[in-house]
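For the numbers below, each heavy atom of this structure counts, side chains included, while hydrogens, waters and symmetry mates do not.
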Amino acid sequence: MEDVASSLNKQKSVDVVFLDFQKAFDKVPHQRLLLRLKSMGDNGNLLSWIENWLGNRKQRVVIKDCASSWQDVTSGVPQGSVLGPLLFVAYINDIDGDILFADDTKLYSEVTSKSDSEKFQLNFG
C-alpha cells in the first residue's frame, strides 16, 4: 500500500493484478510441499512431524445414507488449522508480490511509460 501511495503521490501510475487462488489450500501437493520445506532447510524432526501430520488422511462423501469409498488425501493443507496458512505461504513463497492473506496476493508495478504497462500486462495480464 505504501509503494502504491508513494507512486501516486509522485503523479505516477501503478498497474496492479490481484490474485485469489481458487481452492488454494486444497491443491497443495503434499510431496511438493515437503520438498519445498526441505529446500528451505528443514531436514529434521519438524519435517518428519509435518509429513506425519499431512499423511495417512482419508476422506469420503456421504449423502443421506449413501457413502463413497474412502480415498487417500494426497494434496491440501488442513483448513482451520494454524499450520495450514503457514504451509501454503511456504509453498508459494517464490511468487514475487506481497502476500495479503495466505491464498491472496497482489503484483504491482509503477508505470512510467506505455511500454511499462504493456510489459506488465504481457507478464501478468
Side-chain angles (χ1 to χ4, degrees):
M1 207 49 195
E2 290 178 29
D3 291 343
V4 172
S6 174
S7 294
L8 294 176
N9 286 337
K10 295 186 287 186
Q11 305 294 310
K12 304 282 181 159
S13 296
V14 178
D15 283 353
V16 182
V17 175
F18 290 89
L19 302 172
D20 182 7
F21 299 106
Q22 184 179 25
K23 302 278 185 193
F25 283 60
D26 297 334
K27 295 183 180 178
V28 175
H30 292 168
Q31 291 306 311
R32 285 187 183 169
L33 171 62
L34 294 168
L35 286 172
R36 170 67 62 138
L37 294 171
K38 189 173 185 176
S39 75
M40 295 170 78
D42 187 352
N43 295 312
N45 291 333
L46 181 59
L47 185 64
S48 295
W49 185 88
I50 291 172
E51 184 174 13
N52 287 331
W53 184 66
L54 292 173
N56 299 319
R57 291 178 182 265
K58 295 190 179 290
Q59 66 183 15
R60 68 178 180 167
V61 176
V62 178
I63 300 174
K64 296 189 180 186
D65 294 331
C66 187
S68 69
S69 60
W70 288 97
Q71 300 293 316
D72 292 330
V73 176
T74 59
S75 65
V77 291
Q79 296 180 38
S81 67
V82 173
L83 282 181
L86 294 173
L87 292 174
F88 181 76
V89 169
Y91 183 68
I92 65 163
N93 80 341
D94 58 344
I95 292 178
D96 187 21
D98 294 328
I99 300 297
L100 297 175
F101 300 101
D103 60 346
D104 296 324
T105 190
K106 69 181 180 312
L107 306 170
Y108 62 91
S109 178
E110 185 175 274
V111 178
T112 58
S113 68
K114 185 174 181 178
S115 99
D116 286 348
S117 184
E118 289 169 350
K119 280 190 240 176
F120 186 75
Q121 289 181 29
L122 281 174
N123 287 326
F124 302 109

[Y] side chain reached by [X] side chain, heavy atoms, under 4.5 Å:
X: Ser75; Y: Val28; value: no
X: Leu47; Y: Lys38; value: yes
X: Ile50; Y: Leu87; value: yes
X: Lys10; Y: Glu110; value: yes
X: Arg57; Y: Asp72; value: no
X: Leu54; Y: Leu33; value: yes

Heavy atoms from other residues, nucleotides or ligands near CG of Asn52 exceed 12 (cutoff 6.0 Å) =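 More than 12 within 6.0 Å, yes.
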Check whether more than 12 heavy atoms from other residues, nucleotides or ligands sit under 6.0 Å from atom CD1 of Ile63, and answer yes or no.
->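 No.
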Output yes when a side-chain donor or acceptor of His30 lies under 3.5 Å from a complementary backbone atom of Gly76, and no otherwise.
->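 Flag set: sc His30 to bb Gly76 pair under 3.5 Å.
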Side chain Ser6, main chain Glu2, donor-acceptor under 3.5 Å =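 Not confirmed, Ser6 side chain does not pair with Glu2 backbone.
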Interatomic spacing from [atom1] in [X] to [atom2] in [Y] - rounded to 0.5 Å:
X: Asp15; Y: Glu118; atom1: CG; atom2: CD; result: 10.5 Å
X: Leu37; Y: Leu46; atom1: CG; atom2: CG; result: 7.5 Å
X: Asp26; Y: Phe88; atom1: CG; atom2: CZ; result: 10.5 Å
X: Gln59; Y: Trp70; atom1: CD; atom2: CH2; result: 9.0 Å
X: Asn9; Y: Ser7; atom1: CG; atom2: OG; result: 9.0 Å

Which pair of heavy atoms, one from [X] and one from [Y], lies closest together, and at what distance?
X: Gln71; Y: Ser69; answer: NE2-OG, 3.0 Å
X: Ala67; Y: Arg60; answer: CB-NH1, 3.7 Å
X: Lys12; Y: Thr112; answer: NZ-CG2, 3.9 Å

Which ring-ring contact (aromatic ring centres under 6.0 Å, His included) pairs, counting each pair once, include a residue from residues 32-68, with sequence neighbours left out?
->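 Only Trp49-Trp53 qualify under ring-ring contact (aromatic ring centres under 6.0 Å, His included).
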Residues clustering with Val82 (ILVMFWY side chains joined when closer than 4.5 Å, directly or via others) =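 The other cluster members (ILVMFWY side chains, heavy atoms under 4.5 Å, direct or chained): none.
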Partners passing side chain to side chain donor-acceptor pair (under 3.5 Å) against Lys114 (at least two apart in sequence or in another chain) |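 Checked Lys114 against side chain to side chain donor-acceptor pair (under 3.5 Å); zero matches.
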